[in-house]
Amino acid sequence: MSLAKIKHILLVLSGKGGVGKSSVTTQLALSLSLGGYSVGVLDVDLTGPSMPRMFNIEDAKVTQAPGGWLPVTVHPANPEAGIGELKCMSLGFLLRGRGDAVVWRGPKKTAMVRQFLSDVLWGEMDFLLIDTPPGTSDEHISLAETLLKDALPGQVSGAVVVTTPQAVATADVRKELNFCVKTGISVVGVVENMVGFVCPNCAECTNIFGKGGGQVMAEDFHVRFLGGVPIDPQFVMLVETGRRPRYPKGTVIDGTDFPEIRQLHHTDADTPVEEAKDSSLLASKYLDCSLEPIFRKITQDIITAIG
């Protein structure tokens with residue numbers, strides 16, 4: 001099995017679509033990599049593979065090697081800067097274009113998930129994050145069956161479950177928590193996404209979708225609440241255009257003044273054109289994002305929880 005040299009496997013799950021699983025997976029991967037860990041991201045959302053776009057590597061192609069596929073490198077390890085390597089595998093790399101539809105029935109989806117788990121040559125990795133589609137259908141069942149059958153004891157560290165604060169979202173995400181109970185997958189914790197909106201023109205953070213629904217759900221299921229994550233348009237711009245996050249003077253989130261922090265990380269050599277072209281700079285640019293300290297704490301809590 002190609003997962004044999006991976007220390008920890010984490011699933012990112014949600015019973016609801018549109019809650020931001022892929023953005024959470026992206027930021028968990030960047031935070032772990034910035035912490036010095038080697039990280040792989042496996043995208044098993046077969047009908048909506050978005051990880052290549054999130055990492056700005058849509059034009060990359062998967063390389064066939066003896067024994068399987070080589071995942072695409074987002075950035076190599078940089079021991080001097082304390083950054084671990086980051087790799088990604090997705091069906092998106094195998095499609096001809098972004099708009100190509102994947103029209104597959106259940107058995108073909110099941111076979112593709114199993115092939116991803118068996119034929120991708122990750123090598124030695126500290127973490128493998130598996131980004132999943134919404135629901136509890138074919139991909140999830142195949143994933144759970146294969147991992148629980150073939151993974152080494154303790155290798156599957158558990159699942160990070162993502163929700164948004166609204167009751168309509170938590171009602172569906174509760175089903176995902178029940179899925180984890182039925183399949184024997186431990187829940188590392190719950191992330192409440194889209195808790196507040198960081199205005200790009202002022203320092204205000206407004207709870208447009210409410211707040212606290214994910215925390216109440218976590219308490220009801222007696223699982224860890226990992227934290228709330230606001231919507232930050234600067235993170236969207238970073239992913240879509242490669243532009244380094246920039247905040248108006250006076251923007252303070254969780255006690256951090258981001259215009260001042262940005263000046264510490266930014267250098268004159270990082271011009272907007274160069275930044276947009278180079279996906280290897282994504283991690284360094286993410287350091288200037290208001291969400292980075294939030295996910296740094298979340299990843300620290302996850303590492304503590306899984307030992």
Side-chain angles (χ1 to χ4, degrees), residues 10-31 41 43-45 47-51 53-54 129-137 139-140 143 158-181 185-200 204-240 245 253-254 286 289-299 301-302 305:
L10 281 171
L11 284 68
V12 181
L13 302 173
S14 179
K16 186 71 175 176
V19 298
K21 289 182 301 301
S22 295
S23 69
V24 168
T25 302
T26 300
Q27 294 180 86
L28 287 175
L30 290 172
S31 294
V41 175
D43 184 359
V44 297
D45 190 345
T47 57
S50 54
M51 297 314 300
R53 186 169 185 175
M54 298 297 289
L129 306 180
I130 302 181
D131 186 46
T132 65
T136 56
S137 57
E139 294 95 328
H140 303 78
L143 192 61
V160 174
V161 177
V162 183
T163 187
T164 51
Q166 312 97 306
V168 69
T170 58
D172 285 342
V173 179
R174 287 172 182 268
K175 300 172 185 176
E176 195 75 41
L177 290 169
N178 283 321
F179 170 83
C180 291
V181 172
I185 297 172
S186 64
V187 177
V188 177
V190 171
V191 173
E192 187 176 57
N193 201 20
M194 305 185 193
V195 182
F197 169 76
V198 182
C199 178
E204 189 71 25
C205 184
T206 306
N207 294 325
I208 56 176
F209 293 132
K211 183 179 181 180
Q215 186 168 3
V216 170
M217 181 185 70
E219 292 171 355
D220 289 345
F221 279 82
H222 306 288
V223 296
R224 184 180 289 98
F225 180 67
L226 293 170
V229 181
I231 302 170
D232 184 357
Q234 292 298 319
F235 175 71
V236 178
M237 290 300 295
L238 170 60
V239 170
E240 291 290 339
I253 301 174
D254 288 343
Y286 180 65
C289 183
S290 72
L291 304 182
E292 188 275 331
I294 296 172
F295 272 91
R296 191 193 321 148
K297 181 181 182 303
I298 288 174
T299 54
D301 290 343
I302 290 173

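Heavy atoms only: backbone and side chains are in, while hydrogens, waters and symmetry mates are out.
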**Study point:** Residues in salt bridge (charged side-chain N to carboxylate O under 4.0 Å, His left out) contact with Asp45, at least two apart in sequence or another chain
**Key:**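 Asp45 satisfies salt bridge (charged side-chain N to carboxylate O under 4.0 Å, His left out) with no residue once adjacent residues are dropped.
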Point to revise | Partners meeting salt bridge (charged side-chain N to carboxylate O under 4.0 Å, His left out) with Glu192 (sequence neighbours left out) | key: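 Here no residue qualifies.
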Practice item. Run the numbers on Leu11 and Ile185 for side-chain contact (heavy atoms from CB on, under 4.5 Å), then give the verdict. Key: CA-CA 9 Å; Leu11 284 68; Ile185 297 172; 4.2 Å; yes
Return the [atom1] to [atom2] distance between [X] and [Y], rounded to the nearest 0.5 Å.
X      : Y      : atom1 : atom2 : value
Leu129 : Lys21  : CG    : NZ    : 14.5 Å
Gln27  : Leu238 : CD    : CG    : 9.0 Å
Leu30  : Thr25  : CG    : OG1   : 11.0 Å
Ile302 : Phe295 : CD1   : CZ    : 8.5 Å
Leu226 : Ile298 : CG    : CD1   : 6.0 Å
Leu291 : Thr26  : CG    : OG1   : 11.5 Å

Check your understanding: Does Thr132 use its side chain to pair, donor to acceptor, with the backbone of Val12 at less than 3.5 Å?
Key ->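 Flag set: sc Thr132 to bb Val12 pair under 3.5 Å.
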Point to revise | Thr170 (side chain) donor-acceptor with Ala167 (main chain) under 3.5 angstrom | key: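 Flag set: sc Thr170 to bb Ala167 pair under 3.5 Å.
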Identify the two heavy atoms, one from [X] and one from [Y], that lie closest to each other, and give their separation to 0.1 Å.
X      : Y      : answer
Ala29  : Val41  : CB-CG2, 3.7 Å
Gly228 : Ile294 : O-CG2, 3.7 Å
Leu13  : Cys180 : CD1-SG, 3.6 Å

Donor-acceptor contacts under 3.5 Å from residues 211-224 side chains, at least two apart:
{"unit_1": "Asp220", "atom_1": "OD2", "unit_2": "Arg174", "atom_2": "NH1", "d": "3.4"}
{"unit_1": "Asp220", "atom_1": "OD2", "unit_2": "Arg174", "atom_2": "NH2", "d": "2.8"}
{"unit_1": "Arg224", "atom_1": "NH1", "unit_2": "Val188", "atom_2": "O", "d": "2.9"}

Heavy-atom side-chain proximity of [X] to [Y] below 4.5 angstrom:
X      : Y      : answer
Glu176 : His140 : yes
Phe235 : Ser23  : yes
Val191 : Val229 : yes
Phe197 : Asn207 : no
Ile231 : Ile208 : yes
Val44  : Pro49  : no
Leu177 : Val187 : yes
Pro134 : Ser14  : no

Review point. With no hydrogens and no angle check, do the side chains of Ser50 and Ser22 hold a donor and an acceptor under 3.5 Å apart?
Key: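 Yes - a donor-acceptor pair under 3.5 Å links their side chains.
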**Study point:** Between Ser290 and Asp232: side-chain donor-acceptor atoms closer than 3.5 Å
**Key:**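 Checked: Ser290/Asp232 side chains pair up, N/O donor to acceptor below 3.5 Å.
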Practice item. Please report the C-alpha distance between Asn193 and Thr163 in whole Å, then the side-chain angles of each, then the deciding distance to 0.1 Å, and finally whether the side-chain contact (heavy atoms from CB on, under 4.5 Å) criterion is met. Key: CA-CA 6 Å; Asn193 201 20; Thr163 187; over 6 Å; no
Check your understanding: Salt bridge or not for Arg53 and Glu240, using N-O below 4.0 Å?
Key ->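 Yes.
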